[in-house]
Number of protein chains: 2
Amino acid sequence: MKDDSIKIYDVANKANVSIATVSRVLHGSDKVTSKTREKVMKVIDELGYTPNVFAQGLGLKTMHSIGILVPTISDTYMSSAVAFLEQRLAGNGYNCILSNSGFELTGKKSHVELLLSKRVDALILVGSTYAGSGNSDEETDYIREAARQVPIFIINGNVQGEGIYSSVCDDLDATFEATDKLIKSGYKKVVFLTDSHSYSANKKRAGYEKALKENGITLKKGMELDVENRIHKVRDYLLSRKSLNADAFIATNDDIALGVYKYAMERGLKVPEDISIVGYNNSAMSIACEPEMTSIDNKTEKICNDTVDRMISLLENPELEIPRKITVKCDLIERGSTNF
Amino acid sequence: MKDDSIKIYDVANKANVSIATVSRVLHGSDKVTSKTREKVMKVIDELGYTPNVFAQGLGLKTMHSIGILVPTISDTYMSSAVAFLEQRLAGNGYNCILSNSGFELTGKKSHVELLLSKRVDALILVGSTYAGSGNSDEETDYIREAARQVPIFIINGNVQGEGIYSSVCDDLDATFEATDKLIKSGYKKVVFLTDSHSYSANKKRAGYEKALKENGITLKKGMELDVENRIHKVRDYLLSRKSLNADAFIATNDDIALGVYKYAMERGLKVPEDISIVGYNNSAMSIACEPEMTSIDNKTEKICNDTVDRMISLLENPELEIPRKITVKCDLIERGSTNF
DNA sequence: CCCTCTTCTGTAAGCGTTTACATTCCCCTG
DNA sequence: CAGGGGAATGTAAACGCTTACAGAAGAGGG
C-alpha cells in the first residue's frame, strides 16, 4: 500500500557503492570485501531496506515459494500436515501458498494451474491422490503434466513420473499388523471401514485383506464397508445394517472410527469388551472419546519433514539425485478401545 | 523450473498486435475492439500463454496475494478459519500465503515482516491477539506499525488503529447467556476454564463474571481456572484440586471442555447428571465425546466471509469506507452435556 | 618502479510486464 | 472531400532487481 520507496539505489548511494555490490552483499556473494560488506549492511539496516520481491523474482526467476495443495484443510490430518510443512519450509526461507482444492478433479486441476501461474518453485500435494490406484488416468496425467514445470512432491499418494517424488507411510504393513493382531487375539469378525479409494485407502485395504488371508479367513460381503466421513453418517449406516455381528473394526481414519463408538453406544455394545476399534492417524480425535482410541500413527511429522528436506536439496542443487520415494513405518498406538 | 518462454511478445507477434494491446486484453480494458480481443484471446489460448507474475507484480505492484497469520494451524478452530478464508479469497482471485507464527510475540513479529516483504496486499491475523487486552502494548505497536504498509484484518482480536479492521463474535454475550442459563437452571458452582488471556478469552471471562454478578453470586477463588490447552493436562489439573465441588463448567474451547469429561470420568461423575459442561467453538471435538457436548458456535464461517468481503472492497476501492469492526452473534448449540 | 595477475567493484543489459503518451485510423460533419 | 474528433493501437519508458562483462585497484615479482 504505502510505498517505502527505499530501493537498492538508495542503499548504494548512501553506502557509496554500486547497486551491484549491494546486490552481492544481499546474496552473500564471497566477492565482496568484508569491509564493504559491513558498510553496506549497516546502511541497509539504517534505511530499513527490504528488496522488492517482484523485481527479485524477475531476475532470479523465483520467489522462493512453494505451493501446497490439500483437498481440505479443515481435516485434522491435512491441517497438521500443512502445519509441519509450513514450519519446515519457513525455516528454510521458503513460504507457502496454500490451496484448498476440494476432492474433485476439476478443482484440483484448476488450483494446480493457479499455483503454477504464481511461479512456485515446487508443488506439494497432500493426500487424496487417486492416481496410482489405477482408476484415474486423468489424475495421473495432469500431475505428470504439471511436473514438467516444477518438481512435485506427493504426500501419501503415488504417481510415478519424471519430476515426481513421493513420501508415504507403510499403510499396508500397519493395517496388516493391526488386523493380524486383532485376529490372533481371537476376534472373529473384523470389519474394515473406509471413506475413499485413494492410494492410501487402497493400501490399507490391501493390508487388511492380507491379514485375513494369512489367517485363513475368507473375505465375505459386508466385511469391507464404504462409508461417508462424518461421525453420525457412519453411525447411522452401521445401525442400518441388519446382521452386522462384527466384534472389531478397523477404520481408515479416526473420524470414521468415532462413528463406530456412536454405533456401539446406540446398540449398547461395550468398547472394548464387546467390540474393539482401531482408528487411523492418531489424531486429536483419538483421545477425545472414552475409552480412548487405539489408532495408527502415520508419522505425519516425519514424512513432512523428510519431504521438505528432499525438496530443498533438489531446489538448491537440481543435479542432485534424490530418492524418488520414501516409505516410513507407522506405529500402532494402543489405547483402551482394543483388547489385544 | 522449465521455462515456458512464451511471453507477451510472442502473443503480440502471432496476433499482429502490440504487446500493449495484449496487455489490455489481459486486463479486460474496454478500449479494445471486440474483434481484436477475440483474435488475441485465441492466440493466447493456442500458445497457452500465462503472464509472468513477477513482471506483473513489478508493474502492478501487487501479486494479488494475502498473508494469513495464525499462531498454529493445527488447531481445529484455526484450521477451519483458514479453510474458509482461503476459499473465499480464491473465489476472488487472491491467493494465500500462510504463516504459522506460534504464540510468541517475537515469532509473530518476524512472520509479519516476512509476509510484508512478500508484498502481500493485506494481512489477516487469526485469533490470539493479546493486544487490546491491555497487557501488551508491544503487540499493539507492531501491528500498528505493519498497518502502515498494508491493511490488516483481525479475526477475533481487537487492535484499534489506522488501517486496522476487525471481525469478532460476541463472546461476552454468548458466555453470559450460557452461564446465566446454567445458573438459572439451578447450578450452584459454575467454573470458568481458560487457557489464555487473549482478547477473546477476556471477553468470555467478562461474560461469565457478568452472569455471576447479575445473579448475585460473588466470584470466589477457584472459580476461574487457568489451564493448559491439552485434554489430559486439564484433567490432571482438575484432579489435583482438592475441593473442586463444581457442578458446571464453561470452557473457552472444546479441547479444554474435553478435559473436563476426562476429569468427570476419573472422578466417577456423570455428565450431565452430576456436572454440566459447555464448550466453545462447536468444533468436531464437540461431537466426538459422549454425551455430545453443548458448545458455543462462534460463527467462524460467517466471520471469515465477512472479513474477506470487506477486504476485497477495500482493496478494489481504497477510497471506500468499510466498517472498522463487525460483531457477529454466537449460537449456543445444546447437546447432551448440559441439563438446562 | 613497472608489469602481470588476481580480486574487488562498477556499468549496463536484461528480466516481462504495465501504461502514459503519441500516433494512427475511422467515422462524421459541413 | 477536407478536416475534426474520438476511439483503437503502438511506442517506449518505467518497475527494481541480477549478473555478465568491463574496468579499477592491489599484491607481488623482477
Side-chain angles (χ1 to χ4, degrees), chain A residues 1-41 43-44 47-65 93 116-121 149, chain B residues 1-41 43-44 47-65 93 116-121 149:
Chain A
M1 177 134 277
K2 222 144 274 163
D3 206 346
D4 356 293
S5 69
I6 297 171
K7 4 215 105 123
I8 200 169
Y9 291 100
D10 304 321
V11 177
N13 274 340
K14 187 160 180 192
N16 270 315
V17 296
S18 73
I19 57 169
T21 302
V22 177
S23 178
R24 287 189 193 104
V25 169
L26 241 30
H27 292 80
S29 159
D30 49 346
K31 343 188 105 180
V32 181
T33 327
S34 59
K35 207 157 85 183
T36 330
R37 177 189 313 284
E38 275 165 32
K39 189 172 57 178
V40 172
M41 290 290 234
V43 173
I44 287 181
L47 259 38
Y49 166 71
T50 317
N52 179 307
V53 279
F54 302 139
Q56 276 189 319
L58 246 196
L60 298 171
K61 298 181 178 313
T62 161
M63 225 182 80
H64 291 279
S65 59
L116 290 179
S117 79
K118 297 293 174 179
R119 297 290 202 273
V120 293
D121 294 350
Q149 311 213 16
Chain B
M1 180 130 276
K2 223 145 275 165
D3 206 345
D4 357 293
S5 68
I6 296 172
K7 6 214 104 120
I8 200 168
Y9 291 102
D10 305 320
V11 177
N13 274 340
K14 187 158 180 195
N16 269 315
V17 296
S18 74
I19 57 169
T21 301
V22 177
S23 179
R24 285 188 195 107
V25 169
L26 240 31
H27 291 80
S29 160
D30 49 348
K31 343 188 105 181
V32 181
T33 327
S34 58
K35 206 156 88 184
T36 329
R37 177 189 313 285
E38 274 164 32
K39 188 172 61 180
V40 172
M41 290 290 235
V43 173
I44 288 181
L47 258 41
Y49 164 71
T50 317
N52 179 308
V53 280
F54 302 140
Q56 278 190 319
L58 245 196
L60 298 171
K61 298 181 176 316
T62 163
M63 224 181 81
H64 291 280
S65 59
L116 290 179
S117 80
K118 297 293 175 180
R119 297 290 202 273
V120 292
D121 295 349
Q149 311 213 16

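A quick note: this is a predicted structure, and the numbers were derived from the prediction, not measured. Quick note on labels: first sequence line is chain A, next is B, and so on, each numbered from 1.
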Review point. Separation of A/Leu58 atom CG from D/dA14 atom C1', in whole Å?
Key: 13 Å
Review point. Where the side chain of B/Lys118 meets the backbone of A/Met63, is there a donor-acceptor pair that is under 3.5 Å apart?
Key: yes
Practice item. Under 4.0 Å between any heavy atoms, over every strand shown, what does A/Tyr9 touch: base, sugar-phosphate, or nothing? Just pick one. Key: base
Exercise for review: Working to the nearest 0.5 Å, report the span between CG of A/Asn52 and CG of B/Leu58.
Suggested key: 5.5 Å
Check your understanding: Does a nitrogen or oxygen in the side chain of A/Tyr49 sit under 4.0 Å from OP1 or OP2 of D/dG16?
Key -> no
Check your understanding: Once you round it to whole Å, what is the distance between P of C/dT17 and CG of A/Asn52?
Key -> 16 Å
Check your understanding: Please give, in whole Å, the distance from C/dT18 P to B/Ile19 CD1?
Key -> 9 Å
**Study point:** DNA chain D: 5'-proximal contact among B/Ala55 and B/Val32 (nearest heavy atom)
**Key:** B/Val32
Point to revise | Straight-line distance of B/Arg119 CZ to B/Gln149 CD, nearest 0.5 Å | key: 8.0 Å
Review point. Between A/His27 (NE2) and D/dG16 (P), how many Å, whole number?
Key: 17 Å
Check your understanding: Expressed in angstrom and rounded to an integer, what is the separation of B/Arg37 atom CZ from D/dA7 atom C1'?
Key -> 14 Å
Practice item. Compare all side-chain heavy atoms of A/His27 with those of A/Gln56 and state whether any distance is below 4.5 angstrom. Key: yes
Review point. Hey, does the side chain of A/Asp10 reach the backbone of A/Lys7 with a donor-acceptor pair shorter than 3.5 angstrom?
Key: yes
Practice item. Write down the atom of A/Val32, the atom of A/Val25, and the distance for their closest heavy-atom approach. Key: CG1-CG2, 4.1 Å
Practice item. Respond yes when some side-chain nitrogen or oxygen of B/Ser23 is under 4.0 Å from OP1 or OP2 of C/dT19, and no when none is. Key: no
Point to revise | Between C/dC15 (P) and B/Leu60 (CG): distance, integer Å | key: 20 Å
Study note, to complete from the structure: With B for base contact, S for sugar-phosphate-only contact and - for none (protein heavy atoms under 4.0 Å), nucleotides 20-28 of chain C reads B--------
Review point. Which atom names give the shortest non-hydrogen contact between B/Ile8 and B/Ser23, and what distance separates them?
Key: CD1-N, 3.9 Å
Review point. Once you round it to whole Å, what is the distance between P of D/dA14 and CD of B/Gln56?
Key: 21 Å
Exercise for review: Using a 4.0 Å heavy-atom cut-off across all strands, classify B/Val53 as base, sugar-phosphate, or nothing.
Suggested key: nothing
Review point. Nearest-Å distance, NZ (B/Lys61) to C1' (D/dG16)?
Key: 8 Å
Check your understanding: Hey, is the side chain of B/Lys31 poking within less than 4.0 Å of OP1 or OP2 on D/dA7, counting only N and O atoms?
Key -> no
Review point. Do any side-chain nitrogens or oxygens of A/Thr36 fall under 4.0 Å of OP1 or OP2 in C/dT9?
Key: yes
Check your understanding: Given D/dT9, C/dT17, C/dG10, which nucleotide is nearest the side-chain atoms of A/Thr21?
Key -> C/dG10
